[in-house]
Amino acid sequence: MTLKLYNTLTKQKEEFVPIHGNRVNMFVCGPTVYDYSHLGHARTYIVFDVIARYLRYRGYSVFYLMNITDVDDKMIKRANETGLSVKGLADRFTDAFHEDMKRLNVMSVNLYAKATEHVDEIISQIKTLIEKGFAYDVDGDVYFEVRKFKDFGKLSKQALDELKAGARIEVDEKKRRPEDFALWKKQKPDEPFWASPWGNGRPGWHVEDTAITTTYFGNKYDLHGGGIDLLFPHHESEIAIAESATGEKPFVKYWVHSGFLTLNKEKMSKSLGNFFTIREVLEKYESEVIRFFMLNAHYRSPIDFSDKGLDEAKQGLERIKNTVDNIKAAAKNAGEGSEGNIPDIIAEARQKFLDAMDDDFNTREAISAVFELTKSVNQAIPDGLSSSALNMIISTYKELGGIIGLFQDEKKEGGITGDLISLIVEIRENARKNKDWETSDKIRNKLKVLGIVVEDAEDGPQVKIR
Ligand code: AMP
C-alpha cells in the first residue's frame, strides 16, 4: 500500500513521493526557549516524532531538522524580567526542552539548529531578497514587501486584501504597507545584536527557519511540520521568503499541521495562561501515558486535555502492557507446543496497523489494531502456546510499538544505577517497617516521577522501570 498524507498546501491527501528517491528531508518549527514547554508543545512534538519514526520504519532515510528560536521579542522581554542574559535564558530552557523531550521519548530529531548560530546565513538570505527587489531597508530595519510575492496566501488560502484586514499583522509605522513583515530588526538599547550591512540588529522570526532549512536542505525539501497555529503568518511568510530568494518552487512539497491540544476547548497556550508544563504533568502521569493519550487521536483533530482523559489513557495502556507482561512470563516457561492461530492474528493486526499509518498517520486506528491484537492474544493464552508463538507476539508489540514509541522493553538498569536504585528502595523499606509513611511515600512518589515504580508485594517490594 502507498503512504498518503494530508498536504495543507493542496488541501488533500496525497501519495508520499520524496524529492530525492529514498531520502526525506523533514523540518519542524522548534520552541522559543523562554520558558518550560507545555503539553500543547508536547503534542506537536510527539506527533512529528511518530511521523519520523514511521517514515524510517517504511525504509526512508529521514533527516529530521528542528530549529530553536533563541532570540526574539519574547526572549528579550523575559530576560529583562528575570535578570538573566538572553543567552543565559536560552541555555537554561533549551536544556529543559531537551530533558522534556527525552522523557517523552521524542528522540527522532537528527539536528537542532539554533537561530543565533545561523545569523550569517540569515543575513545572506536577506541580502539576496534586497538584491532581487523583494525586501527594503528603512533606517536599519529590513522588511519583506509582501505584494511583490504574487503567491502570498497560497498556503493559508487567504487573499492579500483579507490579510490586510486581519488582526495578526504587526503594527509598525516604518513599513511601506501593513502586511509587510520584518526580516531584520534594528538594535534597541540593551538588546543582543549582530553586525549586518544594515547596521546592528537581530533576525526576524520567519527568515530564521528559511535560512536554516536552505543551509541544510537546499532550495526545496520534502516535509515541513508544525502546529496549525503556525500556518499564518509564519509558514505563509516562510514560503514567500524562500521562493522569492531562490526563485524555485515549491519550497516545501508537503505541509503537515497538527491540531491543537485544548483546555476546556480553548487552545493551550502560554499567552492565555491556560497551560500545564510537561514536567508538571510528568509528576502525575508516566511519560508513556502522555504519549498514549496524545496518539489515541488523529493528529489533525483537536484533543481536549483532562485528567479523566489521561486516566482513561492510563487504563488502556495498562491493559496492553499487562498482556505483554503476562506473555513474557508465560514465554519463560513455555516449550514446544502449538502456535495456534497466532501467526494469522499477528498478520492481521500488523496489516491493520500499517494500513492505518499509511492513511495519513492515523495513530488512533493503529492503536485500535493493538487493542484487537491484545484481545485476541488474551483469548489464545489459555490454550498453552508454544514459546515460539509467544515470542512472536512479544516481538510484534515491540515492532509496532517502536513506531509509536510505546510498549518497549522495560529499561534494565544495571551497574551503579541499579545499585543506587536498590539502595533507595531498601531505605524506603526500612522507613515502611518503622511506619514512617511520610518518608516512604515521598521516596515512592519521587521514584515514580523518574519512571521507577515500586509496588509493595507480599514477598517484598517489586521494582518496575518504565
Ligand atoms: P511555540 O514555541 O509557541 O512557537 O510552539 C512550538 C510548537 O508547538 C509549534 O509547532 C506550535 O504550533 C506548537 N503548539 C503550541 N501550542 C500548541 C497547542 N496548544 N497544541 C498543539 N500544538 C501547539
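None of these values were measured; they are calculated from a predicted model.
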Can you list the steps and then say if Glu81 with Arg78 is a salt bridge (Lys or Arg N to Asp or Glu O under 4.0 Å)?
-> CA-CA 5 Å; Glu81 285 163 6; Arg78 183 61 59 89; 3.3 Å; yes
For salt bridge (Lys or Arg N to Asp or Glu O under 4.0 Å), just list the numbers for Arg53 and Asp49, CA-CA rounded to whole Å, side-chain angles, deciding distance to a tenth of an Å, and then say yes or no.
-> CA-CA 6 Å; Arg53 282 168 186 261; Asp49 177 60; 2.8 Å; yes
For Tyr112 and His98, run ring-ring contact (aromatic ring centres under 6.0 Å, His included): C-alpha distance rounded to whole Å, both residues' side-chain angles, the deciding distance at 0.1 Å, then the answer.
-> CA-CA 10 Å; Tyr112 288 98; His98 289 313; 4.5 Å; yes
Run the ring-ring contact (aromatic ring centres under 6.0 Å, His included) check on Tyr143 and Phe181 step by step: do they pass?
-> CA-CA 5 Å; Tyr143 299 97; Phe181 57 82; 9.1 Å; no
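Under the 30°/60° scheme for interplanar angles, the aromatic rings of Tyr221 and Phe251 are found to stand perpendicular. Ring-plane geometry between His234 and Trp205 is classed as parallel, the angle between the planes falling under 30 degrees on a 0 to 90 degree scale with a further cut at 60. Taking the six-membered ring where the residue is Trp, Tyr397 and Phe407 present perpendicular rings, their angle passing 60° and hence far from 30°.
Annotation: Phe97 is in aromatic contact with Tyr45 [ring centroid separation under 6.0 Å]. With ring centers used as reference points, Phe134 lies 6.0 Å or more from Phe149.
Between Arg147 and Glu179 there is no salt bridge, since none of the side-chain N atoms of the basic residue sits less than 4.0 Å from a carboxylate O of the acidic one. Using a 4.0 Å cut-off between a side-chain N of Lys or Arg and a carboxylate O of Asp or Glu, Asp91 and Lys87 qualify as a salt bridge. Glu99 has no carboxylate O lying under 4.0 Å from a charged side-chain N of Arg103, or vice versa, which leaves the two without a salt bridge. In summary, Glu243 and Lys154 engage in a salt bridge, as defined by a charged side-chain N under 4.0 Å from a carboxylate O. A salt bridge links Asp141 with Lys174: the closest approach of a Lys/Arg side-chain nitrogen to an acidic carboxylate oxygen falls below 4.0 angstrom.
Of the candidates Asp73, Asp72, Val71, Lys185 forms a side chain to side chain contact (heavy atoms under 4.5 Å, CB included) with just one, namely Asp73.
Judged purely by atom type and a 3.5 angstrom limit, Asp100 has no side-chain atom pairing as donor or acceptor with the backbone of Arg279. A distance-only check finds no donor-acceptor pair linking the side chain of Thr363 to the backbone of Asn296 [under 3.5 Å]. Formation of a donor-acceptor pair under 3.5 Å by the Glu14 side chain with backbone atoms of Lys4 is not found in this model. Remark: side-chain polar atoms of Asn110 are paired, donor with acceptor, to backbone N or O of Tyr64 under 3.5 angstrom. Between the Asp222 side chain and the Pro18 main chain, no donor and acceptor come within less than 3.5 Å of each other.
In this structure, Ser258 and Val47 approach most closely via the heavy-atom pair CB-CG1, 4.2 Å. Considering all non-hydrogen atoms of both residues, Pro461 and Val425 come closest at CG-CG1, 3.8 Å. Lys186 and Glu191 get closest at one heavy-atom pair: O-OE1, 4.3 Å.
A donor-acceptor contact under 3.5 angstrom links the side chains of Tyr54 and Asp358, judged on distance only. A donor-acceptor contact closer than 3.5 angstrom is absent between the side chains of Glu121 and Thr214. Under 3.5 Å, the side chains of Ser61 and Asn22 contain no donor-acceptor pair of N or O atoms. Between the side chains of Glu15 and Thr2, no donor-acceptor pair is found at a separation under 3.5 Å.
Listed by first then second residue, pairs satisfying side chain to side chain donor-acceptor pair (under 3.5 Å) with a partner in residues 439-449 read Asp436-Thr439, not counting sequence neighbours.
Put simply, CG on Asn80 and OG on Ser85 are 10.5 Å apart, with the number rounded to the nearest 0.5 Å. In this structure, Leu55 CG and Phe361 CZ are separated by 5.0 Å, a value rounded to the nearest 0.5 Å.
Annotation: side-chain hydrogen bond (donor to acceptor under 3.5 Å, both in side chains) contacts of Tyr60 (sequence neighbours excluded): none.
Remark: Lys148 is not positioned above the aromatic ring of Tyr136, lacking an NZ or CZ atom under 6.0 angstrom from the ring centre and at most 45 degrees off the axis.
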